[in-house]
Amino acid sequence: METPKIFEPGKIEEKWYAHWMEKGYFHSVPDNREPYTIVIPPPNITGVLHMGHMLNSTIQDVLIRRARMLGKNACWVPGTDHASIATEAKIVQKLKAEGIQKSDLTRDEFLGHAFKWKDKHGGIILEQLKKLGASCDWERTHFTMDKEYSESVVNVFIDLFNKGKIYRGVRMVNWDPEALTAVSDEEVIYKEVNSRLFYVRYKIDGLDDEWITIATTRPETILGDTAICVNPLDKRFIHLHGKSVIVPIANRIVPILTDDYVDMEFGTGCLKITPAHDINDYEIGRKFNLASIDLFNENGTLNEYGLHYQGVDRFEVRKLIEKELHETGFLSKTEDHINKVGFSERTKAVIEPKLSMQWFVDMKDLAKPALENVMNNSIQFYPEKFKNTYRHWMENVKDWCISRQLWWGHRIPAWYYGEGVNDFVVALTAEKAASLAQEKTGVAYKVEALRQDEDVLDTWFSSWLWPISVFNGLTQPNNPEINYYYPTNDLVTGPDIMFFWVARMVMAGYEYKGDMPFKNVYYTGIVRDKLGRKMSKSLGNSPDPIALIEQYGADGVRVGVLISSPAGNDLPFDTSQCEQGRNFTNKLWNVYRLVSAWEVVDFEQPHSANLAIDWFESKLNKTLLEINDAFDKFRISDALMLTYKLIWDDFCSWYLEIIKPGYEQPIDKLSKEVTIAFFEKLLILVHPFAPFITEELWHLIGNDKKENDIIVASWPKAGKIDDALLLNFNQCEEVVSNIRNIRKQQNIANKVKLALFVKGQVNGQLNFHSVIIKLGNLSTLEYINESMKGAFSFVLEGKEFFIPFGEEMDTAAEKDKILAELEYIKGFLKSVQGKLSNEKFVSSAPSSVVESEKKKEQDALSTIDILTKKIADLG
RNA sequence: GGGAGUUUAGCUCAGCUGGUUCAGAGCAUCUGCCUUACAAGCAGAGGGUCGGGGGUUCGAACCCCUCAACUCCCA
């Protein structure tokens, strides 16, 4: 059967993935090899593969596959994250569509629905990763709510509580009125929005017709005002110090305070204080011991303090109250104003600062080793610039609000036995809690009398244990696996979760293992569309990765995604890159087509082939060192590009063109064998990037019998590099290019054989004489002592090359060309001589630099000489 | 408001300690070729005051100052 001209990836991907799985190549168990471990950033259980995962996972797979080939015990641990808010929202939505309200369900009923859903639809994304070729150890797939994992999470909570690092208290938190839960500072996204500034008049109490005007963006919170504040230095208000005002609508009397927090320049210089609904007001409230009036219900509507607005949504109230203030004469004016508003990362709802009882982690001590070990490069960031961002966050780290008013997640192991603020204990089970409660109070409590905290923990409170818990390092400390695989090697993730996840894993690592969780962190960029927008589901600008794989092949997409994605830089993605990737796989395919079609006959190897083999061996070795170096520096795109060019340019365009026998000619045995050996090495180098086609070709070129697969082949070791040879070949390439150029300019068909004469070759032949004859399609290559008239010519390295004219020839054009060249060289000479005649340059520059300038001068002079003669010869 | 980063060819990016690795790569473009591995290809070519201005230096894409634009992080 004839080999198709075009590689068809769809036919082989599934076959090889199944084969790899069957052979258990992805599975790792501890042995005496060096471990190489990556834990996947666990995608949300509800997630589907998007371009970000694609980039991220491809990089991880490249690293894992190369490590495997380097003989390391490669282990890539996959899994999913329960993603409490996102998943709960999804389940609630799904139930709603079925006519079920969450509020109608008990906690257990709800969780029953959730788990049922998870079992059915969860983990689609892991199946999608398989299509990409991800060589994860699927036997190690973890889920952050697995039994043992959950135990770790809860135990860590208990431990930190017992160490005094977790506390419970009333604090100002970020409230998401849509998800009805508190969220952490990191989950709030601030955005500039066009809003309005309302100027509202408050009457001074006890004075006749004296008013003070405040400016606010949130008039609906007026009902919760408990003070007015001015800057003590503000002369405009000195006469009002110590007075009180009457809050409009609420008709409450509140004091006028002075504090230098107030910016005299902003608005009217007079600030209303609503301690329950603004973090800064809250601080002032604490300072002056103000009452705080919480106006809002959990869903963002007003409560009984909202008076006649009770039950109305906060944004609706803003409109209504504007109207009321206007009608009653309290509103003096409004202005357009741009301010920053916090939005929930998950639900996009406007965050409401709200006082509430929550659980917090005290971060100060945890942050110390985490900061130190990144700053001293024990943990290395790629690119390094992210160290700055990391340091800034760590140095200003705030306590972490970890309780969420949700059901989907790890329930907080706190048990309440009374109504007092401190009437609780923290324990793994109700039984233990009962005995602890008894210890604490001296009273015996029945298990049934205890109420467990209703809240669950922030998702990241489980994710931060990921590198430890996937090896059961907390439930079974010092088990052989954790001791072998931890610390892991590389973490590949986006900079957007540096604080959510990376920083906290580092903290947990030092707290619970006394060691870093990973050695290197590679931050990928954000995948953007052509217009520079972040690819997202809501914008609908993200291509479906699976459709891309079907169109271009997994290998093509992998190459396309990596071909221009330096660490930390955004990846502007365009499908044309996948096209390039696909073309590359097709190129590989055609190497096979060519080589496999060669018929072997036992005859002496042509000289040109012999030369080409020596040259390519050096070239391959040299490039291999460069590729390894690029990998060591996590310059993955560079490593790919080096591989790409080695194959496309050096191997295909030069090496194979030299080796290739003429049409229907056989090849000598040795050349074919060596060529296949080269091809095998090249396939190994491409394998991490394009696993499927390389496995297919590996078998097609004869490894089928040997019972081995490329996935476990050894990464080549670089052998000898002959630099002189490489240099000589460069000259050969230039000669050939010049010949081709003359052909092109003179419209000489490729089939027409040309004669080439060289002047200035003193001893023997040109390097690569036979190669030049073959690639230049020459009838003859001869050496002469005198310049030749009536010939095209070019100059390289002081040697003159001549190609005699055919019948007709455009001398004028040839002369113009030489004149232009002459002009350029003369300009060049002038600049070189300018340098050399500069006293200061000659005396201060290093002698090597001066020498090289002198050589340039000599070369230029002799070239000018040659060109001038040529022009004379042309007449 | 505070901090970090970026600005080099049409696009995406390399460019190390200031000097022959110095103005590069890939893609795109243009021009020839359906040359028996590949037109998803081959061969050639043209593209840049290295964001603007100033300075240091014998010498600056690289160091310093300044202005501008963009991106990200934090409040």
Inter-nucleotide [atom1] distance ([N], [M]), Å rounded:
N     : M     : atom1 : value
B:U49 : B:U8  : C1'   : 12 Å
B:A4  : B:C65 : P     : 13 Å
B:G55 : B:C13 : P     : 32 Å
B:A9  : B:G15 : C1'   : 14 Å
B:G26 : B:C73 : C1'   : 31 Å
B:U57 : B:U12 : C1'   : 34 Å
B:G32 : B:A68 : P     : 49 Å
B:G3  : B:G18 : P     : 27 Å

Look at the side chain of A:E579 against the base of B:A28 and say whether a donor-acceptor pair falls under 3.5 Å; ignore hydrogens and angles.
no
Decide yes or no, distance alone: a donor-acceptor N/O pair under 3.5 angstrom between the base of B:C38 and the side-chain of A:K5.
no
Looking at [X], I'd like to know whether one of its side-chain N or O atoms comes within less than 4.0 Å of OP1 or OP2 on [N].
X      : N     : value
A:K660 : B:A37 : yes
A:R740 : B:G44 : yes
A:N583 : B:G41 : yes
A:S653 : B:A43 : yes
A:Y644 : B:C27 : yes
A:R635 : B:G15 : yes
A:W648 : B:C38 : no
A:K744 : B:A43 : no

Examine A:K191 relative to A:F343 and say whether NZ or CZ is less than 6.0 Å from the centre of the six-membered ring and inside a 45° cone about the ring axis.
yes
Roughly, in whole Å, what's the span from [atom1] in [X] to [atom2] in [N]?
X      : N     : atom1 : atom2 : result
A:I189 : B:C73 : CD1   : P     : 8 Å
A:L588 : B:A40 : CG    : P     : 17 Å
A:L594 : B:C42 : CG    : P     : 13 Å
A:W654 : B:G44 : CH2   : C1'   : 12 Å

Quick tally for nucleotides 3-11 of chain B: nucleotides whose base has a protein heavy atom under 4.0 Å get B, sugar-phosphate-only ones S, the rest -, giving -SS------
Pairs of donor and acceptor atoms involving the side chains of residues 638-651 of chain A, under 3.5 Å and at least two apart or interchain, shall be tabulated with distances.
{"unit_1": "A:D638", "atom_1": "OD2", "unit_2": "A:R635", "atom_2": "NE", "d": "2.7"}
{"unit_1": "A:D638", "atom_1": "OD2", "unit_2": "A:R635", "atom_2": "NH2", "d": "3.0"}
{"unit_1": "A:T643", "atom_1": "OG1", "unit_2": "A:A639", "atom_2": "O", "d": "2.6"}
{"unit_1": "A:Y644", "atom_1": "OH", "unit_2": "A:Q580", "atom_2": "NE2", "d": "3.4"}

Atom OG1 of A:T3 and atom CG of A:N590: how far apart are they, to the nearest 0.5 Å?
9.5 Å
Quick one: CD on A:Q745 to CG on A:N738, what's the gap to the nearest 0.5 Å?
9.5 Å
When the ring centroid of A:F386 is compared with that of A:F381, is the distance short of 6.0 Å?
no
Judged by nearest nucleotide, the residue sitting upstream toward the 5' end of RNA chain B, A:K633 or A:T585, is A:K633
Which residue lies toward the 5' end of RNA chain B, A:V736 or A:P661, if each is placed at its nearest nucleotide?
A:P661
Smallest separation among heavy atoms of A:Y282 and A:R171, with atom names
OH-CA, 4.3 Å
Of all heavy-atom pairs between A:Y390 and A:A370, which one has the smallest distance, and what is that distance?
OH-O, 2.8 Å
Taking syn as a glycosidic torsion within 90° of 0 and anything else as anti, which one is [N]?
N     : result
B:U7  : anti
B:U21 : syn
B:G51 : anti

Give RNA chain B the dot-bracket treatment, 5' to 3': Watson-Crick (N1-N3 with N6-O4 or O6-N4) or G-U (N1-O2, O6-N3) under 3.5 Å, [ ] crossing, | other strand.
(((((((..((((.....[....)))).(((((.......))))).....(((((..]....)))))))))))).
Going by the ring pair (Phe, Tyr, Trp, His ring centres under 6.0 Å) test, name the single residue among A:Y592, A:F692, A:W589 that passes it with A:F7.
A:W589
For the pair A:K633 and A:D629, evaluate salt bridge (charged side-chain N to carboxylate O under 4.0 Å, His left out) and give the outcome as yes or no after the intermediate values.
CA-CA 6 Å; A:K633 293 175 176 150; A:D629 185 58; 2.9 Å; yes
A:K387, NZ atom: more than 12 neighbouring heavy atoms under 6.0 Å:
yes
For the residue pair A:Y655 and A:F678, categorise the inter-ring angle as parallel (less than 30°), tilted (30 to 60°) or perpendicular (more than 60°).
perpendicular
